[in-house]
Undergrad: 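Provided herewith is a single structure, encoded as structure tokens, for subsequent inquiry.
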Amino acid sequence: MKNQRISTSPNMTALALSFLLLSCAAMLVSDEAQSREDSPKAFSRAETPKSIPDLITYKAGVLGPMHGGEPVSEHSPFADGACDFCHKGDAKNPGALLKPVNQICFDCHSEFEEMLTKRPVKHAAAAKQCTNCHNPHNSRNQHLLISDQVTLCTSCHTAMKTLLDTATVKHGALAEGKCSTCHNPHASAVEKLLIQLPFDLCIKCHSRDGLQDASGTRLTNFKTLLDNNPVWHAPVAGKDCSACHTPHGGKNFRLLVEPYPAKFYSAYEPDNYALCFTCHNSNMVDTPDTTTLTGFRDGSRNLHYLHVNKPDRGRTCRACHEVHASKHPFQIRDSVPFGDKGWMLKLNYTKKANGGSCEKTCHSLKEYDRSKK
Amino acid sequence: MVVRALRAVAVAGLLAIAGNAGAQPPPGTQVEQVTLARFGGGTARLLGEGTVSIIVFFRPGQDHSRDALRMMAQCEKELAHEPVHWTAVVSGSASAEAISAEVKDSGIAMPVLIDKGDLVYAGLRVILHPVVVITDKQGRLAAYEPYQRINYCNVVRAHLAHVLGELGDAGLDAVLHPPPSTQGGDLAVAQRNLRLGQKHLEVKRYPQAATAAGKAIALDGKLVDAHVLLGQALAGQGDCKRARAAFDRALALDKSNAAALQGKQDCAK
């Protein structure tokens, strides 16, 4: 679909034509972007619309002043009757804009000009025209937005709308919050217009005691967890929670990007471990003998294979590893649940120069030595 | 200690390397030059000669690797003018068809080296995919960056600039831990009100100018120009008593402020 290009002049003679031509901002996306709605991935790099609306046309309540109702937000110059700050003509009959929209806005809102100039990641809609999202007069929404934030954002980011509509597991932040909780809608130093790196954003909420998911299950206080456990999983150390969790919504427990066994024991099926295999090589648990695929081996006997690759009671990754952080090397757990009484059984892992050992745990002392011939 | 032994590519050497599997080698570790089979034919070296090297380890058929290769393809183009030796390394167990598909999809121009027996992998202890390894001009390990969905190329670019001496430690840290990209906060809004008030003043809308100046001062009491604006707006309305007080507050912050001095002088007339 071709973008609509119409003068933003609020001259009343132009209004009739403008009304006809305006459908809504949601339509101002390319067919290419629309087709991505079918994308199976919850967090796809290709979700950014390629086509950005150039101009949203003038319309009462959209870009023109509201007709009726109480505005939630009002632009100071409009409230002051200072139409001449933006328009030719007088206040009773304002004419065409004095200059391109953003140049007018930046006369007062110069911080956004600086932002859009200096920050490497820019929102194309904002760079093109502030009025793609803001009504310069008044609005029924905060910050002079032309519609509520989620509706506005998803009018172009249609794949995101589909995701939010269809996700069986939704991020509480979206249920309660706004897109701008995590994204700067103008410009950012971080890709995806994130205000900070994913970890720094996530930890803002997930560092509280008492945070619960939709089912009422208490969620981990990650600040406490990470402060007390110095060995961090690589994505955590890389401040990239999104390596494993989709930030908006999805179909897996805990918003995981791929399935991961929820239990201690599981028959080994590679698909169950898809999450771990997004980074770790599945050959690590498919290969009985190796000297390269893992350090957890006795000579060439692959102990990951031994523990995990079983047709019935294979130990899942969580049986031995913490997924976020641990006190022990390789994020090995301090203890594991035993029985149904809430007992915790110590793993008693000891790292050694060429291997390590576990003792008085699921089994008696067992050592491994990579240098064994 | 790590890939040094690969030069020989002898069975005894390989076993010695494999025996060191475990945590990643620390920065500064010497990565030794090695020549590997190149996908598509011929051979190529892992490291550049006297140049910084960027080595991209990937696994065909894996989403993160695909995403990383796409990002690195773009990165490779953006850094084309830099003296960098780019290589991608893939396990010798990967099929030619799968490698070909990933190379074609990503558009990377760098040579893809086949790591038969996963010796380079084992030497650098690469157990995750993808990973980008950066070495300095002497082949010493400078950075080991596992996949990051966000800002991966920025991180690689920053490490490169750091290794080349174009970016200091603080600059590198600012990229690895960027400060919040906020909307500007109270100070920005104060400035905005100041500029709005100045526009009102230009067209002699003194009450509106005074209101805007008041808002600016409420958000940033140290904004000298806002105190001056308030003084000018009040003076414009004939309220020289309050205008002088505003000019005095401006001068308390900046005793040589010309506009405030002029405003006081005009009020004295």
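The chains referred to below are lettered A, B, ... by the order of the sequence lines, with proteins before strands, and numbering in each begins at 1.
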Undergrad: If you count the non-hydrogen atoms of other residues, nucleotides and ligands that lie under 6.0 Å from CD in A:Gln142, is the total more than 12?
TA: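 No, the 6.0 Å shell around CD holds no more than 12 heavy atoms from other groups.
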Undergrad: Using non-hydrogen atoms only, which part of B:Leu176 is less than 4.5 Å away from chain A: side chain, backbone, both, or neither?
TA: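 For B:Leu176, the backbone is the part near chain A, not the side chain.
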Undergrad: Is the closest side-chain heavy-atom distance between A:Leu197 and B:Gln148 below 4.5 Å?
TA: no
Undergrad: Looking at A:Lys192 and B:Ile150, what are the two nearest heavy atoms and their distance?
TA: CG-CD1, 3.5 Å
Undergrad: Please tell me if the side chains of A:Phe85 and B:His200 come closer than 4.5 Å, counting only heavy atoms from C-beta onward.
TA: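 The answer is yes; the side chains approach within 4.5 Å.
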Undergrad: What heavy-atom pair brings A:Phe112 and B:Arg192 nearest, and what distance separates the two atoms?
TA: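 That closest heavy-atom pairing would be CE1-NH2, 3.6 Å.
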Undergrad: Any side-chain heavy atom of B:Gln183 sitting closer than 4.5 Å to one from A:Met115?
TA: yes
Undergrad: Side chain, backbone, both or neither: which part of B:Pro146 has a heavy atom under 4.5 Å from chain A?
TA: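 It is the side chain, since no backbone atom gets that close.
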Undergrad: Taking the side chain as every heavy atom from C-beta outward, state whether A:Asp107 and B:Arg195 have any atom pair closer than 4.5 Å.
TA: no
Undergrad: Got a donor-acceptor contact below 3.5 angstrom from the A:Asn184 side chain to the B:Ser181 backbone?
TA: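 Yes, the answer is positive, given that a donor and an acceptor are paired below the 3.5 Å cut-off.
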Undergrad: Using non-hydrogen atoms and a 4.5 Å limit, figure out which bit of B:Ser91 sits close to chain A: side chain, backbone, both or neither.
TA: neither
Undergrad: Who wins among A:Ala187, A:Gly299, A:Ala234, A:Ala243 for the most heavy-atom pairs under 4.5 Å with chain B?
TA: A:Ala243
Undergrad: Could you pull out the closest heavy-atom pair between B:Gly117 and A:Thr292, with the gap in Å?
TA: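 The pair with the smallest heavy-atom distance is O-CG2, 3.5 Å.
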Undergrad: In the structure I gave you, are the side-chain heavy atoms of A:Pro77 and B:Gln208 within less than 4.5 Å of one another anywhere?
TA: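 Side chain of A:Pro77 against side chain of B:Gln208, heavy atoms only: no contact under 4.5 Å found.
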Undergrad: Heavy-atom pairs under 4.5 Å with chain A - which of B:Gln62, B:His177, B:Glu202 has more of them than the others?
TA: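 Option with the greatest count: B:Gln62.
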Undergrad: Report, as yes or no, whether the 6.0 Å neighbourhood of atom NZ on A:Lys99 holds more than 12 heavy atoms from other residues, nucleotides or ligands.
TA: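 Yes, the 6.0 Å shell around NZ holds more than 12 heavy atoms from other groups.
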Undergrad: Return the OH to CG distance between B:Tyr121 and A:Asn281, rounded to the nearest 0.5 Å.
TA: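 B:Tyr121 OH to A:Asn281 CG: 8.0 Å, rounded to 0.5 Å.
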Undergrad: Measure from the side-chain N and O atoms of B:Arg59 to the backbone N and O of A:His280, and report whether any donor-acceptor pair falls under 3.5 Å.
TA: yes
Undergrad: Does atom NZ (A:Lys352) have a neighbourhood of more than 12 heavy atoms from anything else shown, all under 6.0 Å?
TA: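 Atom NZ in A:Lys352 is crowded, with more than 12 foreign heavy atoms closer than 6.0 Å.
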Undergrad: Where does A:Leu193 contact chain B at under 4.5 Å (heavy atoms): side chain, backbone, both or neither?
TA: neither
Undergrad: Could you give the distance from OH (B:Tyr152) to CG (A:Asp240), rounded to the nearest 0.5 Å?
TA: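 So the gap between those two atoms works out to 10.0 Å.
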Undergrad: Between A:Asp80 and B:Lys199, is there a salt bridge with N-O shorter than 4.0 Å?
TA: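 Not counted as a salt bridge, because no side-chain N and carboxylate O are separated by less than 4.0 Å.
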Undergrad: Could you look at B:Val203 and say if it's the side chain, the backbone, both or neither that has a heavy atom under 4.5 Å from chain A?
TA: side chain
Undergrad: As an exercise, state the distance from CG of B:Leu196 to NE2 of A:His109, rounded to the nearest 0.5 Å.
TA: 8.0 Å
Undergrad: When you compare the side chain of A:Lys239 with that of B:Asn151, does any pair of heavy atoms fall below 4.5 Å?
TA: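 With C-beta onward as the side chain, the pair stays apart.
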Undergrad: Would the number of heavy atoms belonging to other residues, nucleotides or ligands and lying under 6.0 Å from CZ of B:Arg157 be above 12?
TA: yes
Undergrad: Assess whether side-chain contact (heavy atoms from CB on, under 4.5 Å) is satisfied between A:Cys279 and B:His64, documenting all intermediate values.
TA: CA-CA 7 Å; A:Cys279 290; B:His64 286 183; 3.4 Å; yes
Undergrad: Just how far is it from atom OG of A:Ser76 to atom NZ of B:Lys215, taken to the nearest 0.5 Å?
TA: 4.0 Å
